[in-house]
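Here is how names work: the chains are called A, B, and so on, in the same order as the sequence lines, proteins then strands, and each is numbered from 1.
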Number of protein chains: 2
Amino acid sequence: MVKRTSFEGDSCPIARSLEAIGDWWSLLIIREALFGLRRFGEFQSKLGMAKNILAVRLRALVDHGILTTAPASDGSAYQEYVLTPKGRGIFPILVALRQWSEEFDDRPAEITTILVDRAKGRPVKKLELRAEDGRLLSQADTTLKPRPGRRPRSA
Amino acid sequence: MVKRTSFEGDSCPIARSLEAIGDWWSLLIIREALFGLRRFGEFQSKLGMAKNILAVRLRALVDHGILTTAPASDGSAYQEYVLTPKGRGIFPILVALRQWSEEFDDRPAEITTILVDRAKGRPVKKLELRAEDGRLLSQADTTLKPRPGRRPRSA
DNA sequence: CTTGTGTGGTTGCATCATAAAACCATGTGC
DNA sequence: GCACATGGTTTTATGATGCAACCACACAAG
C-alpha cells in the first residue's frame, strides 16, 4: 500500500489525534466553527477552499465525532454543522498553535489578532502545564510512563 | 496553481503555524526529537517512515528554524538534528494534542503511555488557560481582538 | 408552471505530494 | 582495499488536492 500511512492503530496519542485533525484544513474549519460558523457556504467563503475538499473534510469530521449535522436552526431547510463536545475540546490545541506562532513567528507583524479575556479585554496568559500539586512544569520536568491498568493476561 | 495552498501570508496565527508543522510527520519528528532522538537513522527506524519523506521533512524543519544541524556530538562524522528554542516551544502543542486524545479518543485503551511529572511520577494536570489576573478561562471566556500597534499610515 | 437564483454539494480532470524500493555516496571497522 | 553501516537521492506508482464544471434541490417571482 502506498496510502497516506494511517496512525489509527498507533499507541501514541499524538499520532491518534493527528489521524483525526492532522491535515491542513480540519483545524481551520474547527477554528471557524468555534467562531460560530455553521453553514457549508460560510466555511467555503471564509476559508476560500475548494468545495469538494470542504465536503470531504466535513464528512470526515462528522465521522470522527467532532462535528454533527443539525437539521436546521433558522427555518431554512438546509443543514448545519455544529461542534460536539469533542470538537470544542480542540480549543486548547488551537490556543497552543496560536501562542507558538505569536512567540516564534519570523514575521509577527503579520499577525493581526490577539486572544483576549472577554471580561477584561486583556491578553490571555500562556498555557500552563502544572503538576497535581500545582507546580508549573516545563518539558524537562516531565516524563512518559507506561500506562497502568494494562492487563498482562493473554486472554 | 494547484499547489497545496500555502498559508504563509495568512494573518491567522493558527494557519501560520500549520504552514510549518501542519503535516502528518513533522509533529511526530519533533515529538521524537523532544525525546532525545537526533540521528537520521533513529528517526527513520523509530517512526518507520520512508527515508525520502524524512529527508524532505527534516530539511523543511531546518528551514523553518525548528531544527538545526549540528556537526557531530559523539565523534562520528555524521550530522545530527537538534531542536532549536523555537522547536522546543512546540511542546505545549504536543501536550494539547495528547490530552485531547486522552479525553476524547474512542478507544482510549489503546493509548499506552501517560505524561507524568518527573519529580513525583504523578500524571500532569490539564493545560490551563488563564487571564492576567489568574482566572481560569474556557473558550467562551475569550474573544479575538484586532492587534493594537498597527500603523494605519499608508507609508 | 416555468424561469431564475442561491445553496449545497458531486464529478472530471490536471497536478502535486507521498510511499516503497532501488540506487548511490560517503564513512568506518578490519 | 573490502565489506558493511549510515545517510541520503532517484525512480516510479498511487493517493490527495485544487479548480472548474456540472447537478439537485429549495425558494421566489412572473
Side-chain angles (χ1 to χ4, degrees), chain A residues 1-10 15 18-29 32-33 36-64 67-82, chain B residues 1-10 15 18-29 32-33 36-64 67-82:
Chain A
M1 288 262 270
V2 206
K3 283 202 67 169
R4 182 132 133 264
T5 1
S6 163
F7 299 121
E8 199 161 348
D10 200 297
L18 290 178
E19 178 70 24
I21 54 173
D23 69 273
W24 289 80
W25 291 112
S26 295
L27 278 172
L28 295 177
I29 292 170
E32 297 302 331
L37 297 200
R38 295 162 157 260
R39 297 283 283 263
F40 187 95
E42 289 177 325
F43 289 112
Q44 204 263 320
S45 66
K46 191 78 197 297
L47 292 172
M49 64 189 294
K51 299 202 294 178
N52 53 350
I53 306 293
L54 176 57
V56 171
R57 286 287 168 278
L58 288 174
R59 239 195 311 272
L61 290 171
V62 169
D63 287 347
H64 280 297
L67 293 175
T68 311
T69 54
S73 119
D74 64 333
S76 83
Y78 297 112
Q79 68 178 349
E80 301 186 335
Y81 298 90
V82 295
Chain B
M1 288 264 269
V2 206
K3 284 201 67 167
R4 182 134 130 263
T5 4
S6 163
F7 299 121
E8 199 161 349
D10 200 298
L18 290 178
E19 178 71 24
I21 54 175
D23 70 273
W24 291 80
W25 290 112
S26 295
L27 279 172
L28 296 177
I29 292 171
E32 298 302 332
L37 296 200
R38 294 161 157 260
R39 298 282 282 261
F40 186 96
E42 289 177 325
F43 290 112
Q44 203 263 320
S45 65
K46 190 79 198 297
L47 292 172
M49 65 189 293
K51 300 201 295 180
N52 52 351
I53 306 294
L54 177 58
V56 170
R57 286 287 168 279
L58 288 174
R59 239 194 312 271
L61 290 171
V62 169
D63 288 347
H64 280 295
L67 292 175
T68 311
T69 54
S73 116
D74 64 332
S76 84
Y78 297 114
Q79 68 179 350
E80 302 186 336
Y81 298 90
V82 295

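Taking the side chain of B:Arg57 as heavy atoms from C-beta on, and the options C:dT18, D:dT17, C:dA19, the nearest nucleotide is C:dT18.
Nearest approach of A:Ser26 to A:Arg57, heavy atoms of both residues: OG-CD, 3.4 Å.
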**Item:** Protein proximity profile, nucleotides 2-11 of chain D - base contact B, sugar-phosphate-only contact S, no contact -, cut-off 4.0 Å on heavy atoms
**Value:** ----BBBBBB
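Put simply, the side chain of B:Thr69 does not reach to within 4.5 Å of the side chain of B:Leu58, judged on heavy atoms.
Residue B:Trp24 places no side-chain N or O under 4.0 Å from the OP1 or OP2 atom of C:dA17. Residue B:Trp25 places no side-chain N or O under 4.0 Å from the OP1 or OP2 atom of C:dT18.
Rounded to whole Å, the distance from CD on B:Glu80 to P on C:dG27 is 16 Å. The distance between atom NZ of A:Lys46 and atom P of C:dG8, rounded to the nearest whole Å, is 17 Å. Taking atom CD1 of residue A:Ile53 and atom C1' of nucleotide D:dC19, one finds them 10 Å apart after rounding to whole Å. Atom CG in A:Asp23 sits about 11 Å away from atom P in D:dA16, given to the nearest Å. If you measure from atom CD of A:Gln44 to atom C1' of C:dT10, you get 14 Å, rounded to the nearest angstrom. Computed from coordinates, the B:Leu47 CG to C:dA19 C1' distance equals 15 Å when rounded to whole Å. Atom CG of A:Leu54 is separated from atom P of D:dA16 by 18 Å (rounded to the nearest Å). Atom CG in A:Leu37 sits about 16 Å away from atom C1' in C:dT7, given to the nearest Å.
With sequence neighbours excluded, no residue forms a side chain to side chain donor-acceptor pair (under 3.5 Å) with B:Glu42. With sequence neighbours excluded, the residues forming a side-chain contact (heavy atoms from CB on, under 4.5 Å) with B:Ala50 are B:Asn52, B:Ile53, listed by chain and number. Remark: B:Gln44 pairs with no residue by the side chain to side chain donor-acceptor pair (under 3.5 Å) rule, at least two apart or across chains. Scored by the side chain to side chain donor-acceptor pair (under 3.5 Å) test, B:Lys51 finds no partners at all (sequence neighbours excluded). Remark: B:Val56 pairs with B:Arg59 by the side-chain contact (heavy atoms from CB on, under 4.5 Å) rule, at least two apart or across chains.
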